[in-house]
There are 4 protein chains.
Amino acid sequence: MAGVNKVILVGNLGADPEVKHLEGDKVVANLRLATTEAYKDRNGNRVENTEWHDLELWDAQARIAEQYLKKGSQIFVEGKIKSDTWQDDQGNNRKRVKIRVLSFTMLGSRPDGQNNGDTNPNTMSRPTTSNATMPANANDMDDSDDDLPF
Amino acid sequence: MAGVNKVILVGNLGADPEVKHLEGDKVVANLRLATTEAYKDRNGNRVENTEWHDLELWDAQARIAEQYLKKGSQIFVEGKIKSDTWQDDQGNNRKRVKIRVLSFTMLGSRPDGQNNGDTNPNTMSRPTTSNATMPANANDMDDSDDDLPF
Amino acid sequence: MAGVNKVILVGNLGADPEVKHLEGDKVVANLRLATTEAYKDRNGNRVENTEWHDLELWDAQARIAEQYLKKGSQIFVEGKIKSDTWQDDQGNNRKRVKIRVLSFTMLGSRPDGQNNGDTNPNTMSRPTTSNATMPANANDMDDSDDDLPF
Amino acid sequence: MAGVNKVILVGNLGADPEVKHLEGDKVVANLRLATTEAYKDRNGNRVENTEWHDLELWDAQARIAEQYLKKGSQIFVEGKIKSDTWQDDQGNNRKRVKIRVLSFTMLGSRPDGQNNGDTNPNTMSRPTTSNATMPANANDMDDSDDDLPF
DNA sequence: TTTT
DNA sequence: TTTT
């Protein structure tokens, strides 16, 4: 019935993606994403608040994540809230919430791209190569009718 | 690159959809949507502000709009900003902005569905019949992997 | 940093709001919201999927919810994901996710359902009485109550 | 009523902000933001599509933009669509759409691009000085300046 | 566990 | 006019 369930996040990965290749060409990637907000408390002191999100990506999205994302990567995410519910050993109802990612975009590429002198593999500073960015936006495939004569 | 261009609207149609059936099974629908916000001005008086949006829908979305929407319908819209630019007769650069709708959802259905005694065809109070709602949400087709064994 | 944590929902309340009036004029309301999506599975059968969300509203928003919302109400919600973490009796880390509502808007249903005596077919005739809608769109001005002892 | 009018953008500035300081401590900044999407056309060729947006920021947001943003800056923007309508010299109705920015966040790019002297391989080496980011996330507290003579 |  |  007329439902909308949409999540929009911008944050950094707390760890490299965890990727599982399943039977039948299925791939699932799990990411930990931190979104941090800063504000002043009532005493005017700056306070930081970090929320950690469990992201789940499937198939094409998972493969792109595996190839291009790593600990520290900054991404824009669009997805939906999705929960698993089950009973634990004591028979208690349990619930776990994750974000099912529908599309994501790598952020933080240097505007000038060229020489950043970065030779260290552990830094996040890689620009999002163009063929990475393209599929990352892959959910807008229906644009082909944009070139109608109107 | 890494671009995001997203518009989310909730409002009411100012007129019935204008639908054109084109060659090659193409269909385009144009809608006028009003979003109204209310706030208090500096004197504490309530002020209403209405913004009118030009929406454009193609193909499947256009057909659903044609079939189920009418003047007054309340909808949730997700889309993107899209502008046309051209030169007018005087050689001035002109620009027109519209919202390319990617998905929409009909609102205002009664949760309990049951008879509301409404027999007037021109009122907006129609519930969104279930087969209308389904295609209106049609952009989430990739959910079929939801039923994996995890 | 540079974080964004945004949730947008449209759904119906599964129960009347639970409201607690606390010391110091603080008010908190908890809502259960269902967002339902429908899609066709691989066999072409229509499947419905309902996700339940725990919403938390404070102060002005909570008061409006208490006054105008009830089981079945359809609302548009904007908020953010917010989790509590703790250790349970067995020393296991536990986490509970809720949606902290920053603003909400009542959608095209009569707040109380009952006959509104509307006999004018052409009116946009809508519900959510005007003084309800106005504060319902008010933005939450501060996050300072985030540090309440809950 | 019950309106929602929300725009979310991620893109790069096409030019430095244009800032005007007005009487009464009012400040307005105008930005040109490009959002680029890439997709494959029906022949499998990669196509890029850039949309240009006119952003308008007031007061606190405008001051932050003036201080920290420049041509090429990548930002996340949340705002609403706002149009001006008028009659031109020929008496034709004209309309111009812009995005009224309610909040923005600087994304992972060095504000000034050039040498940041970062020699530490493990840092995300990033810019957007902390006091810039903080206020940049501040919400615009009032719409009352909407009725300025512009 | 990220980031600034 | 940005970015990749």
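Letters A, B, ... are given to chains in the order of the sequence lines, protein chains preceding strands, and every chain is numbered from 1.
Between the side chain of D:Thr50 and the base of F:dT3, no donor-acceptor pair under 3.5 Å is found. Below the 3.5 angstrom threshold, one finds no donor paired with an acceptor across the side chain of D:Thr35 and the base of F:dT2.
Across the protein-nucleic acid pair, A:Leu69 atom CG and E:dT3 atom C1' stand 15 Å apart, rounded to whole Å. In this structure, the CG atom of A:Leu107 is 20 Å from the P atom of F:dT2, given to the nearest Å. The interatomic distance linking A:Leu13 (CG) with E:dT2 (C1') rounds to 8 Å, in whole Å. Per the geometry, CD belonging to A:Glu37 stands 14 Å off C1' belonging to E:dT3, to the nearest Å. Atoms NZ (D:Lys70) and P (F:dT2) sit 13 Å apart, rounded to a whole Å. We find that CG of D:Asp16 is positioned 11 Å from C1' of F:dT2, with the value rounded to whole Å. If you measure from atom CZ of D:Phe76 to atom P of F:dT3, you get 21 Å, rounded to the nearest angstrom. Between D:Phe104 atom CZ and F:dT2 atom P the separation is 20 Å, expressed in whole Å.
When the nucleotides E:dT2, E:dT4, F:dT2 are ranked by their closest atom to the side chain of D:Trp52, F:dT2 comes out on top. Which of E:dT2, F:dT3, E:dT4 sits closest to the side chain of A:Glu48 comes down to E:dT4.
Under 3.5 Å, the side chains of C:Glu51 and A:Ser83 contain a donor-acceptor pair of N or O atoms.
Contacts of A:Asp16 classified as side chain to side chain contact (heavy atoms under 4.5 Å, CB included), with partners at least two apart in sequence or in another chain: A:Lys70, A:Lys71. Residues passing the side chain to side chain contact (heavy atoms under 4.5 Å, CB included) test with A:Asn45 are A:Asp41, A:Asn43, sequence neighbours excluded.
One N or O on the side chain of A:Asp59 and one on the backbone of A:Val27 form a donor-acceptor pair closer than 3.5 Å.
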